[in-house]
Amino acid sequence: MAETSYDVVVIGAGPGGYVAAIRAAQLGFKTACVEKRDALGGTCLNVGCIPSKALLAASEKFESAQHHLGDFGVKVGKVELDLPTMHTHRTKTVKANVDGVAYLFKKNKIDWLKGAAKFKNANTLTIDGVGDVTAKHIIIATGSDVSNLPGITIDEKRIVSSTGALELSEVPKKMVVIGGGVIGLELGTVWQRLGAEVIVVEFLDRILAIGDGEVSKQMQRILSKQGMSFKLSTKVTSAKASAKGVTLTVEAAAGGNAETIEADIVLVAVGRRPYADGLGLEAAGVQLDEKKRIKTDHQFRTSAPNVYAIGDVIAGPMLAHKAEDEGMAVAEIIAGQKPHIDYDAIPSVVYTFPEVASVGKSEEELKQAGVSYKVGKFPFTANGRARAMNATDGFVKILADATTDRVLGCHIIGAEAGTLIQEVVLAMEFGGSAEDIARTCHPHPTLEEAVKEAALAVDGRPIHI
Ligand code: FAD
Ligand code: NAI
């Protein structure tokens, strides 16, 4: 047992919690972080962002060796999958990252209190296997957990969540993904590249439903060309697992005749729910909102004095970088500083190939809000570097205010879209206009030039199209 009294105790060592702990320690607070998992890093490092990207990177290389290297004049012999080694790449990547957080805790003199925390009152936590710990300030960063559908039991063998889908020991012949959102498309892509037939069943009439409609349509076309199939406007009414596989019953979302689909593996990817189970929030006077998220004000204060909450467990997009920025901000607020997060400039990326990246408003949102806007679009087919890379699928679309030219949103489908979006995020953070991007010198030949061209297209003057 280290200390029993701290300035700041953070509950949860995910990207929100561990960053909050490091920033608090940097600001001179005596800090501890409670984490019940055997490793630091939360969902993101252990079973989320990092292992999924390790498998996406590995499966992309497999697919490339099988199908695309020949187009570049690179001949390879018979390409074989070594799935155990691919999983070793995943586990090694995770270990390097979670060990990195442990190192940062040591470096910043942060105590890791191993166990599950529960509030005794607003200043005291009881931690399993540790005992009672008091703190002047407590930050809740307990994240989120998998959402399930009524009547479906996730056994992590035949019917899996994202966690089970990261660890399959063989490639399923047929995989049904329930939910055409981020997890469904990323992990569906991994197993499809490795040889599975993948069918995505989505309740709504489009995939990636919260993004820009044009992006959803084009992405569905691209993924269909890659071999993924889609059943939109369809709901799953039951899934029964047996030793042989899973029988799914589906019907039209609006109701209709039932149909059955047989699959080896079913991935349930219908969203995540904020996780505050077992925290004993009542003892501290911390309230939830109508969506069972911890209620906070604009400074992450909960309804209890000195208790704050950040990350997936509060409102806002469930993204690691959003949690991290909130982690930095909350520590600075506790220190009396005045940080600010611009929630209109939080990018999101889907790491399929091509990637999908967006920031700010979609066209649908602007129309609904009655904002008059201009659109500048540029396709990667007209970008020299994209041609050289054989990566011409997709486009850059910039939305700017019709009167002021201020950038309101950007949506990219393309190779490295997640990297390309960042200059637009920065422009938006600085209140920049499409003209600002258009007049900024971009190196040639790069994919970034497509961003510049889209910005020029906002004013009707792209050069290369
Ligand atoms: P979490 O990372 O969920 O961490 C919370 C921690 O709190 C957990 O470790 C938990 O064990 C601990 N905890 C909970 N209750 C207690 C308690 N009572 N006592 C002690 N400890 C407790 N986001 C991206 O931005 N990019 C991506 O590419 C991406 N990919 C993803 C892929 C998958 C498959 C999944 C599932 C998620 C992905 N996400 C991604 C989302 C990202 O993982 C989350 O947004 C992020 O982890 C949220 O961070 P957090 O700190 O709020 O919570
Ligand atoms: P999601 O919200 O992205 O997608 C869930 C999809 O399931 C939606 O399209 C929804 O309409 C559909 N759905 C809901 N109920 C259904 C039903 N009964 N039948 C069929 N479809 C149904 O959620 P997902 O993919 O589970 O991801 C959870 C969170 O994790 C996301 O909010 C995301 O923020 C985060 N994440 C982020 C990643 C990234 O940034 N690259 C990667 C993976 C996850």
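As the structure lists them, so they are numbered: ligands from 1, and atoms in each ligand from 1.
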Quiz item: Could an N or O of ligand 1 be found under 3.5 Å from any N or O of Leu319, whether backbone or side chain?
Solution: yes

Quiz item: Looking at ligand 1, does any of its N/O atoms fall within less than 3.5 Å of an N/O of Arg37?
Solution: yes

Quiz prompt | Top protein contact for atom 28 (O) of ligand 1, by heavy-atom distance | solution = Lys53 NZ, 2.7 Å

Quiz item: Are any of the heavy atoms in Glu324 under 4.0 Å away from ligand 1?
Solution: no

Quiz item: Of all the heavy atoms in Ser144, does at least one lie under 4.0 Å from an atom in ligand 1?
Solution: yes

Quiz prompt | Cys44 contact mode with ligand 1 (heavy-atom cut-off under 4.0 Å) | solution = both

Self-check item: Heavy atom of the protein closest to atom 38 (C) of ligand 1 (residue, atom name, distance)
Solution: Cys49 N, 3.9 Å

Self-check item: Atoms in ligand 1 flagged as close to Ala116, the criterion being non-hydrogen separation under 4.0 Å
Solution: 19 (N), 20 (C)

Exercise. Can you pull out the closest protein heavy atom to atom 3 (O) of ligand 1? Residue, atom name and distance to 0.1 Å, please.
Key: Thr43 OG1, 2.6 Å

Exercise. Keeping the roles fixed (side chain from Thr93, backbone from Thr91), state whether a donor-acceptor pair exists under 3.5 Å.
Key: no

Self-check item: Proximal ligand 1 atoms for Ile11, defined as those under 4.0 Å from one of its heavy atoms
Solution: 17 (C), 19 (N), 20 (C)

Practice problem: Record the part of Ala323 in heavy-atom contact with ligand 1 below 4.0 Å; permitted values are side chain, backbone, both and neither. | Solution: side chain

Exercise. Please work out whether the ring planes of His87 and Trp191 are parallel, tilted or perpendicular, with thresholds of 30° and 60°.
Key: tilted

Self-check item: Atom NZ of Lys92 with >12 non-hydrogen neighbours under 6.0 angstrom
Solution: no

Quiz item: Where do Ile222 and Pro354 come nearest, in terms of heavy atoms and distance?
Solution: CG2-CD, 3.5 Å

Quiz prompt | Note: Asp128-Lys36 ion pair, threshold 4.0 Å (strictly below) | solution = no

Quiz prompt | Ligand-side contact atoms (ligand 1) for residue partner Val47, heavy atom cut-off under 4.0 Å | solution = 34 (C)

Self-check item: Axial cation check for Phe203 ring with Lys235, 6.0 Å and 45° limits
Solution: no

Give a table of atom pairs where an N or O of ligand 2 lies under 3.5 Å from a protein N or O.
{"from": "ligand 2", "atom 1": "3 (O)", "to": "Val182", "atom 2": "N", "distance (Å)": "3.2"}
{"from": "ligand 2", "atom 1": "9 (O)", "to": "Glu202", "atom 2": "OE1", "distance (Å)": "2.6"}
{"from": "ligand 2", "atom 1": "9 (O)", "to": "Glu202", "atom 2": "OE2", "distance (Å)": "3.3"}
{"from": "ligand 2", "atom 1": "11 (O)", "to": "Glu202", "atom 2": "OE2", "distance (Å)": "2.6"}
{"from": "ligand 2", "atom 1": "21 (N)", "to": "Phe203", "atom 2": "N", "distance (Å)": "3.2"}
{"from": "ligand 2", "atom 1": "23 (O)", "to": "Gly271", "atom 2": "N", "distance (Å)": "3.4"}
{"from": "ligand 2", "atom 1": "25 (O)", "to": "Val182", "atom 2": "N", "distance (Å)": "3.2"}
{"from": "ligand 2", "atom 1": "25 (O)", "to": "Ile183", "atom 2": "N", "distance (Å)": "2.8"}
{"from": "ligand 2", "atom 1": "26 (O)", "to": "Gly271", "atom 2": "N", "distance (Å)": "2.8"}
{"from": "ligand 2", "atom 1": "34 (O)", "to": "Met318", "atom 2": "O", "distance (Å)": "2.8"}
{"from": "ligand 2", "atom 1": "40 (O)", "to": "Val349", "atom 2": "O", "distance (Å)": "3.4"}
{"from": "ligand 2", "atom 1": "41 (N)", "to": "Glu186", "atom 2": "OE2", "distance (Å)": "2.9"}
{"from": "ligand 2", "atom 1": "41 (N)", "to": "Val349", "atom 2": "O", "distance (Å)": "2.7"}

Quiz item: Would Lys231 and Glu202 pass as an ion pair if we require N to O under 4.0 Å?
Solution: no

Quiz prompt | Sub-4.5 Å side-chain heavy-atom contact between Leu194 and Met86 | solution = yes

Exercise. Among all protein heavy atoms, pick out the one at the shortest distance from atom 15 (N) of ligand 1; state its residue, atom name and that distance to 0.1 Å.
Key: Thr142 CG2, 3.2 Å

Quiz prompt | Proximal candidate to atom 22 (C) of ligand 1 [heavy atom criterion; set Lys36, Lys114, Lys322, Met318] | solution = Lys36

Quiz item: Is the closest heavy-atom distance from Asp277 to ligand 1 below 4.0 Å?
Solution: no

Practice problem: Verify, without hydrogens or angle tests, whether Gln337 (side chain) and Pro339 (backbone) share a donor-acceptor contact under 3.5 angstrom. | Solution: no

Quiz prompt | Tyr18, portion touching ligand 1 at heavy-atom distance under 4.0 Å | solution = neither

Practice problem: Could you tell me whether Glu167 and Lys157 make a salt bridge, using a distance below 4.0 angstrom between a side-chain N and a carboxylate O? | Solution: no

Quiz item: Which pair of heavy atoms, one from Val200 and one from Gly180, lies closest together, and at what distance?
Solution: CG1-CA, 3.6 Å

Practice problem: Would you check if the side chain of Ser303 reaches a backbone N or O of Gly285 as a donor-acceptor pair within less than 3.5 Å? | Solution: yes

Quiz item: Of the protein's non-hydrogen atoms, which lies at the shortest distance from atom 53 (O) of ligand 1, and what is that distance?
Solution: Gly143 CA, 3.1 Å

Quiz item: Looking at Leu279, which atoms of ligand 1 are within less than 4.0 Å of one of its heavy atoms?
Solution: 18 (N)

Quiz item: So do the side chains of Ser242 and Arg158 get within less than 4.5 Å of each other, counting heavy atoms only?
Solution: no

Quiz item: Do any nitrogen or oxygen atoms of Gly16 come within less than 3.5 Å of a nitrogen or oxygen of ligand 1?
Solution: yes

Quiz item: Of all the heavy atoms in Gly115, does at least one lie under 4.0 Å from an atom in ligand 1?
Solution: yes

Quiz prompt | atom 37 (C) of ligand 1: nearest protein contact (heavy atom, Å) | solution = Gly48 CA, 4.0 Å

Quiz item: Which of the atoms in ligand 1, numbered in the order shown and given with their element, are less than 4.0 Å from a heavy-atom of Ser52?
Solution: 32 (C)

Practice problem: If you have a sec, work out which protein heavy atom is nearest atom 25 (O) of ligand 1 and how many Å separate them, to one decimal? | Solution: Ala320 N, 2.9 Å

Quiz prompt | Ile265 and its side-chain contact (heavy atoms from CB on, under 4.5 Å) partner, picked from Lys174, Met175, Glu170, Lys173 | solution = Met175

Quiz item: Does the distance from a Lys or Arg side-chain N to an Asp or Glu carboxylate O, for Glu214 and Lys377, drop under 4.0 Å?
Solution: yes

Self-check item: Numbered atoms of ligand 1 (with element) below 4.0 Å of Ala141, judged on heavy atoms
Solution: 5 (C), 6 (C), 7 (O)

Self-check item: Protein contact of atom 18 (N) of ligand 1 - nearest heavy atom, named by residue and atom, plus distance
Solution: Ala117 O, 3.1 Å

Practice problem: Please state which part of Val313 comes within less than 4.0 Å of ligand 1, counting heavy atoms only: side chain, backbone, both or neither. | Solution: neither

Exercise. Before signing off on this row, confirm whether Glu35 and ligand 1 have an N or O atom pair separated by under 3.5 Å.
Key: yes

Quiz prompt | Rounded distance [0.5 Å steps], CG in Asn46 versus CZ in Arg37 | solution = 5.0 Å

Exercise. Please confirm whether Arg272 comes under 4.0 Å of ligand 1, counting heavy atoms of the residue only.
Key: yes

Quiz item: Which atoms of ligand 1 have any heavy atom of Tyr351 under 4.0 Å away?
Solution: 28 (O)

Exercise. Find out whether Val201 and Val177 are in side-chain contact, i.e. whether some heavy atom of one side chain is under 4.5 Å from a heavy atom of the other.
Key: no

Quiz item: Less than 3.5 Å between some nitrogen or oxygen of Asp312 and one of ligand 1, yes or no?
Solution: yes

Quiz item: Which of the listed options, Pro15, Ala165, Gly14, Gly311, holds the heavy atom that is closest to atom 49 (O) of ligand 1?
Solution: Pro15

Quiz item: Atom CG in Asp132, atom CG in Leu125: separation rounded to 0.5 Å?
Solution: 8.5 Å

Quiz item: Short question: side chain of Thr153, backbone of Asp155 - any donor-acceptor pair under 3.5 Å?
Solution: no

Quiz prompt | Min N/O separation Ile310 to ligand 1 under 3.5 Å | solution = no

Quiz item: Looking only at atom types and distance, does a side-chain atom of Ser216 sit under 3.5 Å from a main-chain N or O of Ile207, one as donor and one as acceptor?
Solution: yes

Self-check item: Greater than 12 external heavy atoms within 6.0 Å of Lys61's NZ
Solution: no

Exercise. Give the atoms of ligand 1, by number and element, whose distance to some non-hydrogen atom of Gly12 is under 4.0 Å.
Key: 6 (C), 7 (O), 12 (C)

Practice problem: Look at atom CG of Asp38 and say whether more than 12 heavy atoms of other residues, nucleotides or ligands are closer to it than 6.0 Å. | Solution: no

